[in-house]
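The figures that follow rest on heavy atoms only: side chains count, while hydrogens, waters and symmetry mates do not.
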Amino acid sequence: MKNKLFCRLKTGLAIASITIGFSFNLYANDDQPFSIAIHGGAGTINEADLSEVQQQAYRDKLQQAINAGHEILTKGGDSLDAVQAAINVLEDSPLFNAGVGAVYTFDGKHELDASIMDGRNMAAGAVAGVTHIKNPINLARAVMEKSPHVMLYGQGAEEFAITQGMTFVSNQHFDTTHRYNQLLDAKRKIIKSEAKDHDYQASVNQLDANYKFGTVGAVALDKQGNLAAGTSTGGMTAKRFGRIGDAPVIGAGNYAENGTCAISATGHGEYFIRYNVAADICARVKYQQKSIIQAADEVINQRLATAGGTGGVIAIDDKGNIATPFNTSGMYRATKVGDQPANIMIWRDK
């Protein structure tokens, strides 16, 4: 079976990149508010650890990503297309833990997860543990639109990707020196802790927060009033045993429902799954009539933080209002409401 899959993957590697066609609605309502928000992960982001050049590199890439999505929205395009376009930019950048720049597993490989959701009809698609897909968010959308399923994993997901003409790359395509050094450091700490305590759970829990998460995502409201959300990640540094986090789990790391809100999360995935973070925020908006700002803040800075969960979300409601709460020292993020200038931030106040 493995030999058969290897041959199919070799064939897939030769397939030309699928062309993503974005359609624009000529009947878009120009009075309808439209907005987009993106994130590049939350964590222990200390200003002193980033040089001016590094800070500018992050801000420039966030600007490029939000521009890619906003250009589609301003022309009357679909929120799903905007989310996908923005995430593609972040997946192709070595700065973020998704696509190129994804963290390494304990065995020195990359396993990528992604999900996307359409607020119009609650359709969703997700992939987990893929190792050769250049842009996992594209495959997640294909799962949503071209399969009867919501989530596909690993080998099966890549077999489906071949049928859809997805772009395949070698696993080394995702390599970066920074992430490899991070893996070596994390492994040293895990092995030392396991040798002392013989406790795998404790050895992972003692790692710094930056080893445990990092994700990219986008949420958007288009001129037709449609909400969409997408999330993509390389997961947790030194993860083992086929670990899957919240990014591909609908309701945990990703959620969208027209008339309510769209959410993309970044953080310690185990907590986001257990507390159903993305869906919980939308439920508070829908059933308790809370604002998106209040609902997102309650879940991230009260319920999740009290439980010991760290991370943040980008959230948007059906009026285009945006919230970006996080309970870590920083979160790479950008927002753009209508034709106003983009707001690009890393820390709470800048």
Side-chain angles (χ1 to χ4, degrees), residues 1-13 15 18 84 87 91 97-99 102-118 122-174 204 212-217 229-255 264-274 276-279:
M1 181 62 187
K2 289 185 177 179
N3 289 336
K4 180 179 178 182
L5 176 60
F6 178 74
C7 291
R8 298 181 71 182
L9 288 176
K10 286 182 67 178
T11 301
L13 284 166
I15 296 176
I18 186 172
Q84 184 177 353
I87 291 176
E91 287 177 329
N97 178 18
V103 299
Y104 289 78
T105 66
F106 193 88
D107 295 328
K109 300 185 183 301
H110 307 278
E111 296 176 356
L112 313 179
D113 310 326
S115 65
I116 196 166
M117 191 165 187
D118 186 346
M122 309 295 286
V127 293
V130 296
T131 57
H132 297 93
I133 305 301
K134 181 177 182 290
N135 294 105
I137 196 68
N138 296 0
L139 182 54
R141 185 167 181 180
V143 171
M144 177 179 72
E145 296 179 338
K146 304 296 184 180
S147 87
H149 310 300
V150 171
M151 184 186 293
L152 298 180
Y153 173 77
Q155 176 179 304
E158 296 195 346
E159 289 181 346
F160 175 71
I162 291 172
T163 73
Q164 299 302 306
M166 289 285 134
T167 301
F168 276 67
V169 293
S170 70
N171 197 247
Q172 289 71 39
H173 169 80
F174 308 110
V204 172
K212 297 178 182 177
F213 49 80
T215 313
V216 306
T231 309
S232 182
T233 186
M236 179 187 291
T237 301
K239 61 184 178 180
R240 300 161 79 178
F241 313 120
R243 181 263 185 187
I244 298 171
D246 66 305
V249 179
I250 303 304
N254 206 49
Y255 196 78
S264 176
T266 171
H268 193 165
E270 281 69 17
Y271 285 91
F272 281 72
I273 294 171
R274 288 163 53 196
N276 202 33
V277 166

Could you tell me which non-hydrogen atom of D246 sits nearest to which non-hydrogen atom of A265, and how far apart they are? OD2-CB, 3.9 Å

Across all chains, not counting sequence neighbours, the side-chain contact (heavy atoms from CB on, under 4.5 Å) partners of N171 are K109, H110, T131, F174

Spell out, as yes or no, whether a donor-acceptor pair under 3.5 Å connects the side chain of Q84 to the backbone of R141. no

Interatomic spacing from CD in E91 to CG in N138 - rounded to 0.5 Å: 6.5 Å

May I ask you to check if R274 and Y271 form a cation-pi contact, with NZ or CZ under 6.0 angstrom from the six-membered ring centre and within 45° of the axis? yes

Full working for side chain to side chain contact (heavy atoms under 4.5 Å, CB included) between N135 and T167: CA-CA 8 Å; N135 294 105; T167 301; 5.8 Å; no

What residues form a salt bridge (charged side-chain N to carboxylate O under 4.0 Å, His left out) with K239, not counting sequence neighbours? none

Closest non-hydrogen atom pair between S232 and T215, with its separation: O-CG2, 3.2 Å

Looking at P248 and A128, what are the two nearest heavy atoms and their distance? CG-CB, 4.3 Å

Could you pull out the closest heavy-atom pair between A252 and I273, with the gap in Å? CB-CA, 3.7 Å

Which value, rounded to the nearest 0.5 Å, describes the distance between M166 atom CE and K134 atom NZ? 12.0 Å

What heavy-atom pair brings D113 and G129 nearest, and what distance separates the two atoms? OD1-N, 2.8 Å

Report yes if the side chains of V127 and V143 come closer than 4.5 Å at any heavy-atom pair, otherwise no. yes

Sorted by chain and residue number, the side chain to side chain donor-acceptor pair (under 3.5 Å) partners of T231 (sequence neighbours excluded) come out as N254, S264

Are the side chains of I250 and Y255 in touch, meaning some heavy atoms are under 4.5 Å apart? yes

For F160 and L139: C-alpha separation, side-chain torsions, deciding distance, then whether side chain to side chain contact (heavy atoms under 4.5 Å, CB included) applies. CA-CA 9 Å; F160 175 71; L139 182 54; 3.9 Å; yes

Would you say E158's side chain and H132's backbone share a donor-acceptor pair under 3.5 angstrom? yes

Could you state the interatomic distance from OG (S115) to CE (M151), rounded to the nearest 0.5 Å? 7.5 Å

Nearest heavy-atom contact between G214 and N97 is O-ND2, 2.8 Å

